[in-house]
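Note sheet for the following structure.
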Amino acid sequence: MIPLRRDRNFTLLLSGRVISSAGDHIQDFAFLLLVLAMTGSSGQSGFVLGLNTASYLLFGLVAGALADRWDRRRTMIWCELGRAALAGGVALALWLDRLTLPHLYAVAALAGVLTTLFEAAGTAALPSIVGPDRLTRALGVTQGALNTLRVGGASIAALVHELGRTAPFVVNAVSFVASAAALRLMRAPFQDERPAAAPAGRVTAEIREGVGWLWRQPVIRLFALVQTGDNLRYGAGYLVIVTLAQGVGATSVQIGLIFSGAAVGALAGSLLAERAARRFPLGAIAVTMLWVEALLFPLYAVAPGPLALGLVAAAESVIAPICAVAITTHRLTVTPEPLRGRTSAAVQTLTMGALSIGTMLGGAMIAALGPRATTLALGGWLVLLALFATTNRHLRTAAP
């Protein structure tokens with residue numbers, strides 16, 4: 001079997017994914033500054049970016065059904081071209097000085113829909129592209145590449161933004177075209193065989209079939225619920241860390257470095273993911289992750305400065321990608337190929353929904369309790385999740 005690093009199809013897939021993700025980092029940064037300049041409201045900026053999350057909640061299950069119904073490679077190519085057109089439209093409107101806030105809202109919402117469909121098709125296609133024996137490694141390498149991008153993503157975005165208001169959107173449009181070209185050059189199968197067109201009225205039934213199969217798998221269902229609970233804390237934790245950092249006098253640059261520390265930790269975990277996933281049982285990895293998070297997260301409350309916050313963020317972030325790779329490998333391996341899009345989208349809808357709810361909940365808790373008390377409360381929530389995982393036989397003894 002060809003080593004993954006020499007696999008032309010995987011190299012093309014990964015290259016396109018990294019290029020388009022870099023473009024997304026650049027455009028998200030520009031969106032924040034642009035909306036802030038147009039409205040003077042940080043809340044409006046957050047709302048624009050939040051529309052992307054909303055697309056997972058509103059469209060995720062449908063996207064999964066379409067990813068199982070349609071030709072996945074063609075679907076991914078059209079999604080990239082659609083996102084390129086949206087980014088290019090913003091650049092053109094800016095150049096003509098015709099950009100409006102409703103235009104930005106529409107772009108954010110439509111881009112979120114296309115991203116949701118792209119992710120559902122890409123996740124479902126990966127086992128067919130790399131094969132089951134290389135799936136764990138492919139997931140680990142992908143996570144590692146994306147986490148490497150996270151380390152310098154903000155700096156790259158800031159540099160591109162300095163080139164002019166239209167530059168970030170032009171760069172993003174070009175990145176999506178490059179990703180579409182890479183997908184077009186691939187020759188690997190994206191599914192067992194191209195599915196025959198199904199009647200439009202059956203989409204709801206197809207969604208029920210996928211969700212029903214997922215619910216009947218106790219191990220996958222339990223891990224999905226654990227990931228959902230962990231994402232509730234993760235969504236709230238972002239605001240907690242920012243507030244705590246401001247409380248110890250951190251500058252905006254130092255806050256960015258704190259999250260770069262988290263990205264470095266996640267990168268380290270990505271590099272270890274394949275070896276750990278093959279060596280340790282799935283249940284042991286999940287239980288370990290939850291206890292590590294439960295023990296480390298409260299340390300944010302007592303960190304005396306930005307450096308200490310960054311060190312906690314780096315340490316806490318190491319094991320999450322290991323767990324994510326192990327869980328995703330297991331789910332994609334045991335899920336029948338025709339259902340992969342629907343089951344992946346169902347899990348993503350749960351986890352992204354929890355992330356969104358956690359963000360809103362975190363803001364309310366900080367306002368009511370203060371950041372330190374909120375940190376301890378979230379630590380308590382992680383202890384409960386860890387105890388649940390430790391005492392649940394199905395989850396604790398799960399193996400790949």
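Please read these numbers as outputs of a predicted model, since none were measured by experiment.
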Side-chain donor-acceptor distances from residues 297-309 under 3.5 Å, at least two apart:
residue : atom : partner : partner atom : Å
Tyr300  : OH   : Glu316  : OE1          : 2.8

Using atom types as modelled, flag every donor-acceptor pair under 3.5 Å from a side chain in residues 278-286 to any protein atom, sequence neighbours excluded.
residue : atom : partner : partner atom : Å
Arg278  : NE   : Glu274  : OE2          : 3.4
Arg278  : NH2  : Asp133  : O            : 3.0

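Annotation: the span from Arg74 atom CZ to Phe190 atom CZ amounts to 12.0 Å, rounded to 0.5 Å. Here the straight-line distance linking atom CE of Met186 with atom CG of Leu13 works out to 4.5 Å at 0.5 Å rounding. Within the model, atoms OG of Ser317 and CD of Glu293 stand 8.5 Å from one another, a figure rounded to the nearest 0.5 Å. In this structure, the separation between CG on Leu257 and CD on Gln254 is 7.5 Å, given to the nearest 0.5 Å. Once rounded to the nearest 0.5 Å, the distance linking CG of Leu14 with CD1 of Ile19 reads 9.5 Å. The structure places OG1 of Thr343 at 6.0 Å from CG of Leu214, a figure rounded to the nearest 0.5 Å.
Side-chain contact between Val347 and Thr228 is absent, with no heavy atoms from C-beta onward closer than 4.5 Å. Between Val219 and Leu395 there is no side-chain heavy-atom pair separated by less than 4.5 Å. At least one side-chain heavy atom of Leu94 sits under 4.5 Å from a side-chain heavy atom of Phe169. Between Leu244 and Thr375 there is a side-chain heavy-atom pair separated by less than 4.5 Å. For the pair Asn392/Phe388, a side-chain contact is recorded, criterion being any heavy-atom separation below 4.5 Å from C-beta on.
Shortest non-hydrogen contact noted between Pro321 and Ala273 is O-CB, 4.3 Å. Taking both residues in full, the closest heavy atoms of Ser270 and Asn147 are given as OG-ND2, 2.8 Å, listed atom of the first, atom of the second, then distance. In terms of heavy-atom proximity, Met289 sits nearest to Cys323 at SD-CB, 3.5 Å. For Val18 against Ala145, the heavy-atom pair with the smallest separation is CG2-CB, 3.8 Å. For the residue pair Ala345 and Gly64, the shortest heavy atom distance occurs at CB-CA, 3.5 Å. The minimum heavy-atom distance between Thr328 and Ala324, with the atom names listed, is OG1-O, 2.7 Å.
When only modelled atom types and interatomic distance are considered, Thr390 and Trp291 share a side-chain donor-acceptor pair under 3.5 Å. Looking at Thr142 and Arg17, their side chains never bring a donor and an acceptor atom within 3.5 Å of each other. Under the 3.5 Å distance criterion, with hydrogens and angles disregarded, a donor-acceptor pair is assigned to the side chains of Asn172 and Ser175.
Side-chain N or O atoms of Arg275 include none that pairs as donor or acceptor with a backbone N or O of Leu271 at under 3.5 Å. A donor-acceptor contact shorter than 3.5 Å is absent between the side chain of Arg184 and the backbone of Ala180. Between the side chain of Asp68 and the main chain of Gly341, a donor-acceptor pair closer than 3.5 Å is present. Put simply, the side chain of Asp230 never gets that close to the backbone of Val226: no donor and acceptor are under 3.5 Å apart. For Asn9 (side chain) and Arg187 (main-chain N/O), a donor-acceptor pair under 3.5 Å exists by modelled atom type. Here the side chain of Asp7 pairs a donor or acceptor atom with the backbone of Phe10 at under 3.5 angstrom.
Here Thr374 pairs with Val240, Met365, Ile366, Leu369, Leu378 under the side-chain contact (heavy atoms from CB on, under 4.5 Å) rule; sequence neighbours left out.
Taking hydrophobic clusters as Ile, Leu, Val, Met, Phe, Trp and Tyr residues chained together by side-chain heavy-atom distances below 4.5 Å, Val177 does not share a cluster with Leu183. Leu290 is connected to Val292 through a chain of hydrophobic side-chain contacts under 4.5 Å among Ile, Leu, Val, Met, Phe, Trp and Tyr, so both are in one cluster. Hydrophobic clustering (ILVMFWY, side-chain heavy atoms < 4.5 Å, transitive): Leu232 and Leu376 are in distinct clusters. Cluster annotation: Leu222 and Trp215 are assigned to distinct hydrophobic clusters (Ile/Leu/Val/Met/Phe/Trp/Tyr, side-chain heavy-atom contacts under 4.5 Å, transitive). At a threshold of 4.5 Å between side-chain heavy atoms, the hydrophobic network of Ile, Leu, Val, Met, Phe, Trp and Tyr places Leu355 and Leu350 in two separate groups.
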### Task
Give the C-alpha distance, both sets of side-chain angles, the deciding distance and a yes or no for side-chain hydrogen bond (donor to acceptor under 3.5 Å, both in side chains) between Ser179 and Glu80.
CA-CA 7 Å; Ser179 176; Glu80 294 296 68; 2.6 Å; yes
### Message
Quick one, Thr115 with Cys79, criterion side-chain contact (heavy atoms from CB on, under 4.5 Å). Give me CA distance, side-chain angles, the key distance, then yes/no.
### Response
CA-CA 7 Å; Thr115 300; Cys79 285; over 6 Å; no
### Query
Hey, mind stepping through Leu4 and Thr11 against side-chain contact (heavy atoms from CB on, under 4.5 Å) and telling me if it holds?
CA-CA 8 Å; Leu4 202 59; Thr11 300; over 6 Å; no
### Query
Is there a side-chain contact (heavy atoms from CB on, under 4.5 Å) between Leu146 and Gln143 once you walk through the steps?
CA-CA 5 Å; Leu146 296 178; Gln143 286 242 5; 6.0 Å; no
### Task
Quick one: do Thr288 and Ile319 satisfy side-chain contact (heavy atoms from CB on, under 4.5 Å)? Show the steps, please.
CA-CA 8 Å; Thr288 301; Ile319 196 165; 3.5 Å; yes
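In Phe59, the CZ atom is crowded: over 12 heavy atoms of neighbouring residues, nucleotides or ligands sit closer than 6.0 Å. At most 12 heavy atoms of other shown residues, nucleotides or ligands fall within 6.0 angstrom of atom NE2 in His394. Within a 6.0 Å sphere centred on CZ of Arg6, other residues, nucleotides and ligands contribute 12 heavy atoms or fewer. Counting non-hydrogen atoms of other residues, nucleotides and ligands closer than 6.0 Å to CZ of Arg396 gives a total above 12. Within a 6.0 Å sphere centred on CZ of Arg73, heavy atoms belonging to other residues, nucleotides or ligands number more than 12.
The cationic atom of Arg83 (NZ for Lys, CZ for Arg) lies less than 6.0 Å from the six-membered ring centre of Phe118 and within 45° of the ring axis. Note that Arg233 lies outside the cation-pi zone of Trp381, set by a 6.0 Å cut-off to the ring centre and a 45° limit from the axis.
Using a 4.0 Å cut-off between charged side-chain N and carboxylate O, Glu206 and Arg69 make a salt bridge. Ionic pairing of Glu337 and Arg72 is present here: one or more N-O contacts between side-chain nitrogen and carboxylate oxygen are shorter than 4.0 angstrom.
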